[in-house]
Structure formats: C-alpha cells, structure tokens
Amino acid sequence: MTAAATAHRPGRHTARRWQAAAGLLLLLLGWEYAGRALSGAFILAAPSEVLAWTWQNAGLMGRAMGETLGNAVLGFVYGNAAAVLLASVALLWPRTEALIGGLALLVFCLPLVATGPILRVLMGPGDGPQIALAALAVYYTTLVPLLVGLRAAPSSWFDLVRSYGRGRGAELVHVRAMAALPYLFAGLQIAAPAAILGAMVGEFTGAERGLGVLTIRAMRALDVPATWALASVSAAVAILAYAGVGWLGRRLSTAPPPVLLAPPAVAGRRGGGALVQGLGVAVLALLLWWGAMEAFGLNRFFAKRPGDVWAALVTAPDAAVTRATLAVALRETAAYVLPGYLAGLAMGLGLAVALVLLPALAAVAMPVAVALRSVPIVTTAPLFVMLLGRGAVGTVVLVAVMVFFPTFVACAQGLSRAPGQANDLFDSYAAGRLSRLIHLRLPAMLPAFFAAARMSVPAAVLAVTVVEWLATGRGMGSLMAMSASLSDYDMLWSTVVVVSVLSAACYLAVGGVERRVLAVYAPEQGAR
Amino acid sequence: MAPDPHIPAEVVCEDLAKTFADGTEVLRPLSVTLPSGGTTALVGPSGCGKSTLLRMIAGLEPPSAGSLRIGGAPPRALLKQAGLSMAFQDPSLLPWRSVRGNIELALKLARRPAAPQAVDDLIRLVGLDGFAGARPATLSGGMRQRAAIARAMVTEPRLLLLDEPFGAVDELTRRQLAEDLPRTWEPRQTTTLLVTHSITEAVMLSDRILVFSPRPATLVADIAVDLPRPRRAALTTDPAFLGLAEQVAAALAEGVAGANRPWAAQ
C-alpha cells in the first residue's frame, strides 16, 4: 500500500491527532516544569503564569491586540493587492516580469529594522509605518507563488481555449485564475503571520499602542510573565491566522494540484542577459526612490535621495569613516548570520531526514513544527534574549530558529512528495527506508529545500538585525538603531542600501545554486 | 473571405512545411486536399509530426512554409468562428470542473447557448452515464478521454480534429466508440481528421488514410477506404478490410525503410 493510501485511512488520522495532542501536552508540561524550576532566574515564565498575567491584563491585551491586528489586516490587504497587481502586470506584459521580479526582491530585502524608523519620520506618529511594514512583509511571499500559479497550467489547457478562437481573457477566466488559486492561498497562508510580524516590527520602532509596544515595555521592565504572555499571545494569533487562511484555501481550491511547484529563483537569465536585467532593476529602483522623494517634496534632512547616499559612501569628506563603520558592523553581523543560517538549514534538513527514518516521532513532531512555522519568530526575540543572554549565542540561535522551521517543514513535505509510482517501484524491490531516502526522497525534496533556503535569506537578515537592535548592541541592527536615535540619516539610509543589496545578492546566489541542482534533479521545476 | 459557417470545411495544404526554431525539421513540404465532410486518418510512427500537422490545421502552430486554407480561408478565420474542435492526446480536462462542466465549457468558449439535452446525449454516447457530476481526478484514463471526445463534439464543429482520441480507452470501449462516434459526425458531414497509431481504427473510421514516414514526415501513401457505412466491428474480419489494413502496414514499413533508420532492417 502506498503512503498516500495509508494517509487517507480515517483510523490513522484519528491516531495522529491523538499523538499530536499528546505531543503538545508534553510540551506544555515540560514548559510548566521548567518555568517553576527557573522561577527565580528571570528568564522563563510557566504557562500558568502566562495565563494568569493574560487574565489579569485581559483588557490591555485585548486593546493592544485589536490595534496590532487592525494594522496587520490593512497591511495584509494592501500588500496582497500589490502582489496581485504586480503579477497581473507581469502576466499581461511578460517582458516586464524580470524587472518586476527584481524590483520586488530588492524591496523585500529592505531591512525592516531600518525601514521602520525611516517610515516613522516620513509618515509621522500614526499607524502608517506599521501598516506599510506589514504590507512590505507580505507582498513578496504572495507575488512569487502567484507568478508561478498563473503559469502552472499545462499548455494543452491553453490550446483548448485557443482552439475555440478565444484569447487571453478567456484563458485568464477559465484556466489561469482557477489554476492559480492553490498557489495564491499558499502565499496568503504564509502572508497572514508575516503581516502580524510586520505590524509588530513597526510598533517596535516607535508606535504608541499595540502588542509590539507592550513587548518593548515588558522587556525593558524585565517583566518576565508579561514578555512570555505577549509572545505567546502573538504566536497564538499568528498560528490561528495561518490555520484560518489554510482552511479557507482548502474550501475554495476544490482541485488542488498534487504538488505545488517550487517558486522560481526570480526570472532566470544568465550571463549578459542577467547583467542587463540587474542594471535595469537598479536604474528603475533608483528612479522610483528619487521620484517618490521628489514627488512628495520630502525634506532632504531625513528623506535621503540616491545622490545623498552615494555622497555619504563615496564622495563626502568622511566617506571613508562611514565605509569603515559599515564594514565593521557588516563583519559583526556576518559572524552571527552565516553560522545561524547554515545551522538552521542543517538542522531543518537533518530533523526532517531523521523523522523519515523514525516515522513514529514524525506524527508528534510535525503538527508542532507546522504550528510553530507560522509563528513570526522575530516577535519572540525578547524571549531568546532572556533565555540565552545578549551575546553571540542568543543571536545565532535566533537566526537558526528563524531558518529552521520553514526549512524543516518544507523538507518534511518535500520528502513525502516522491511520486506514487516510484514508491511502488521501491516497494516491488522491498527497498528499505534508507535506500528509499537516498535514491528517491532526497532528490524529490530538493526543490522544496532550495525554495526554503532562498526565502530564508531575507528572513535571517531580519532576525539578526532585530536581535542586534533589541539586545546585542553590535552589528548592522545596532548601527541602524543608533543612527535612527542620533538622527544620522545618511548612515541609516546607507545601511538600508547596503543590507538590501547584499541580501538580494545572497538570495540570487542561493537561487543560482538552486537552478544548477534542479537542472539535474528536477528539470521540470527548474524550467520556466 | 470568411468561410461559410454552414458548409463543412475543406482543408487544402500547399507545400505546407514545419521546422521548429531549434532547427528540427518536422514536416517536409506537403500538398494535399481533404474534401469537406470526409474522415481522414493520419498514420505514421511516433514522433513523425502528425500531431504537429494537426496543430497547424487547428491554427495553434504556425507553418514555416507553404499555405493552409480551410473552407477557402486561413485557419484563423475558422478559429474565430469557433468552427473547429480538437480532442487532444492528453484529455486536458479542467480538474475543478465535473464531466458535465468540462463539456459545457466548450459551449461557453464557443459562445454557444447552453444545450443540456445535447450534453446528456453525448455523455450517454461516450458511456459516461452516472458520471456527469464526477470530477476528472475520480475517473480512469479512458473515461477522461471519452469525456474529452464528448467535449470536442458538443459544439457540432465544421472541422473535428482528433489526436489519438482512443489512446487510453480499453479495447471493448474503443470498438464501441469506433462504431458509435461516426454516427454523430456523419449526418452533419463534419470534416474529421484523426491521428492514430491503430491501423484497424484508421480503416474502420476513415474514408482516406494518409501514411507518413518517420520525422521529418513525408507523405508515403494516400489510401482511399471505400468500405460501406455504417461500419460494424464484424467488418474487421472482412477480406476487403484486411486487404486495406495490409496495404497501410506495408506503406508504414516502406516509410520506415525509406527513412533508413537503424530498426528498418528488422
């Protein structure tokens, strides 16, 4: 019997639910025990303390949550509307896809920690920055699968439409829109908790109300139960948002494809084409940046133009000092982010493989991991600081955890994606788990692994800058926070440019490795 | 000039040829006229370019050279009138629509009014009674292909293009369909083109068989099938039928040998 067949047996489902419930209960009991054991250490609050604090401060928590959720919902709507609009433009004018993809990636790589204070001075004290950051946090994760989904139908479906003399409009209505629905919902599902993350990071940067504001206050006051309660509530809300959108997607997508294609690593060109494409994106980005500042007549003191950043980094008398400061901060950040990123990838892959070899453990671990994947880990950064201190360990672990969950879930799902007929072939030779893993499941998993590795690059940068900003006092995050508080906007804008360009370059580098690997192991996914 | 929508389409190819952008030559110049109302089978080895020829006639693939007229106009004109239907090798059923929904989609695409009775009749004709509400994922390969045939026929096209329509259908159903389907297109004098690998099917269904060589396809034989209609399964043992089948097989072998392929000597 194939894996797919066993998975649909109702008895199995019930057993798995019980195992998952047992796993969650064990986790809660362990947490409670550890919380009580460490009650004097000011690092961990037990679930009972978390519940008690939440109950006593229900009104405050409710108002803050309403504020944060309101901003997150608006950001979710705006960000996803932008994604749908950009995808439609790319569909209608395919030549623009490379430009749109490149520009969208660059914007996605903006470090929210520095973008937040800039938006704060540009937009003032209201909800604008929170909503804008929520929108920035979601649009790319929707745009990328949507671009794939709108082209995910077999060519014969389009032939069918054209054979009746109909054009692009009919293709869009009868084929593309429905075929893209599962992809859209896959994106929206990831976007739901990301919107909460964006809104909270916006609140970190100087809002007056919201869960992010309460989190900062609780952390500064060393209020351990409040910090844990706020992190737990924001995590629970994010899990619910993730599950809710997933449920809606399953209701609306009546015929989901058996496998969601891995999103492509930005419209793929090589050699000279890639150079022209990169130059085009850079010119467009600079024009849009300059145009936006000029169009709104923003004050040059805080609204820097491309020329100002160029001057700060190259031509100004103190440009060498600026560059040296940036270089030191970059080295410090790289020392945290690289080990964290690689450890997160290795742990995610390693645990997924281990669970294939020990399937009994998977039934307990997978639901917990899927739930935790939807938690915006950065919003729990204060907990890591409390548990692991303000040094390198806490930072590296936070980055690793940020990368670990999406990698683990993607790898676990990828490992189960081996085609049924190939599984039957291995069954017919009575192949063991190890040989099935090596020859069948690992190659089938590669697209999912690389998609996770690629999308984790900006996430890792976000994690490291947030924790540097909140806690360590070193690296690019700290430099951004210092520049913002000292109103050194030349330096703040320079950090944005440097971090965005480097993040995008790393993202493209991982995409390049991905393309080479997929060309061998999954040519149908590498192809565009 | 736009073709008259009430006259079955005559297909005229003059020096029609196809070479893909990568330099692969698929079809050598072909000149042939397929009279309106007839059924023509295209037979040849796998990959020889029969489907490409069909796609060119459907207006889905531009020819590299030569001209193609359908009812006196370019294929695009018939396409605009939704005057042709094609059943593809892959059934190409939309997975979110039921069998009925997929058949009705053709009417929508062709901007024709809903025709519930015609849809029901076709579902019955292709043996999918009781499966009208089923989604493609729940059907066997053969059932999906039958649904695709029904979809191709529901618009009552002037030109019907069938690309290996019975490829996944079981032998018994295939025989039944070969008897039943012509009864729907013959009274309307639909011009029908059929790509098939089955010599029996070609002789059973068509008035004329074009035999092609391996790629690049050249026309090896043009065989007229003057067997009486309606044709029943029993006809397959008739000496005239067997003689024609033998003639097609010999032409195929000659085409392969002429192409000087390594397996030609076997």
Side-chain angles (χ1 to χ4, degrees), chain A residues 2 4-5 7-8 94 146 148-186 248-261 273 417 419-421 424 523-524 527-528, chain B residues 2 5 51-52 54-62 70 74-98 101-112 134-138 144 147-148 151-152 154-155 157-163:
Chain A
T2 62
H8 285 97
L146 196 54
V148 179
L150 285 168
R151 291 185 168 78
S155 59
S156 60
W157 295 2
F158 299 118
D159 283 347
L160 173 74
V161 175
R162 276 182 276 151
S163 72
Y164 289 100
R166 302 296 296 275
R168 284 183 173 191
E171 277 179 10
L172 183 65
V173 172
H174 294 293
V175 177
R176 289 191 200 274
M178 289 300 288
L181 215 51
Y183 291 84
L184 174 67
F185 272 96
L248 191 65
R250 284 191 296 279
R251 290 295 298 267
L252 293 180
S253 310
T254 47
V259 173
L260 288 183
L261 293 172
R417 273 179 190 173
Q421 284 179 345
D424 291 346
E524 77 288 354
R528 298 262 314 152
Chain B
S51 295
T52 306
L54 213 61
R55 287 174 59 80
M56 284 195 284
I57 292 171
L60 298 173
E61 194 81 57
I70 300 172
R76 193 88 207 131
L78 191 66
L79 213 59
K80 287 271 179 205
Q81 293 181 338
L84 72 84
S85 276
M86 185 162 176
F88 301 88
Q89 265 180 46
D90 174 304
S92 301
L93 300 178
L94 302 188
W96 50 85
R97 286 177 169 269
S98 63
N102 267 287
I103 297 171
E104 286 171 345
L105 175 68
L107 290 168
K108 272 191 191 146
L109 289 172
R111 294 194 172 98
R112 304 274 167 81
R135 289 261 162 78
T138 63
R144 282 179 220 169
R151 180 179 60 192
V154 74
T155 54
R158 297 174 55 217
L159 176 61
L160 178 64
L161 305 171
L162 304 170
D163 194 354

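In this text the structure is predicted, and so the values were computed from the model without any measurement. Letters A, B, ... are given to chains in the order of the sequence lines, protein chains preceding strands, and every chain is numbered from 1.
- Although no hydrogens or angles enter the test, the distance criterion places no donor-acceptor pair under 3.5 Å between the side chain of B:R55 and the main chain of A:D159.
- Interface remark: B:A106 contributes backbone and side-chain atoms alike to the contact with chain A (heavy atom separation under 4.5 Å).
- When heavy atoms are compared at a cutoff of 4.5 Å, B:R151 approaches chain A by way of both its backbone and its side chain.
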Item to check | Pair A:R176-A:F158, side chain to side chain contact (heavy atoms under 4.5 Å, CB included): steps then yes or no | outcome: CA-CA 9 Å; A:R176 289 191 200 274; A:F158 299 118; 3.6 Å; yes

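- With B:R158 contributing its side chain and B:G83 its backbone, the two residues share no donor-acceptor pair below 3.5 Å.
- If you measure heavy-atom distances from A:R162 to chain B, the contacts under 4.5 Å come from both the backbone and the side chain.
- Using a 4.5 Å cut-off between heavy atoms, B:L105 contacts chain A through its side chain alone, with no backbone atom that close.
- Between the B:R135 side chain and the B:W96 main chain, a donor and an acceptor come within less than 3.5 Å of each other.
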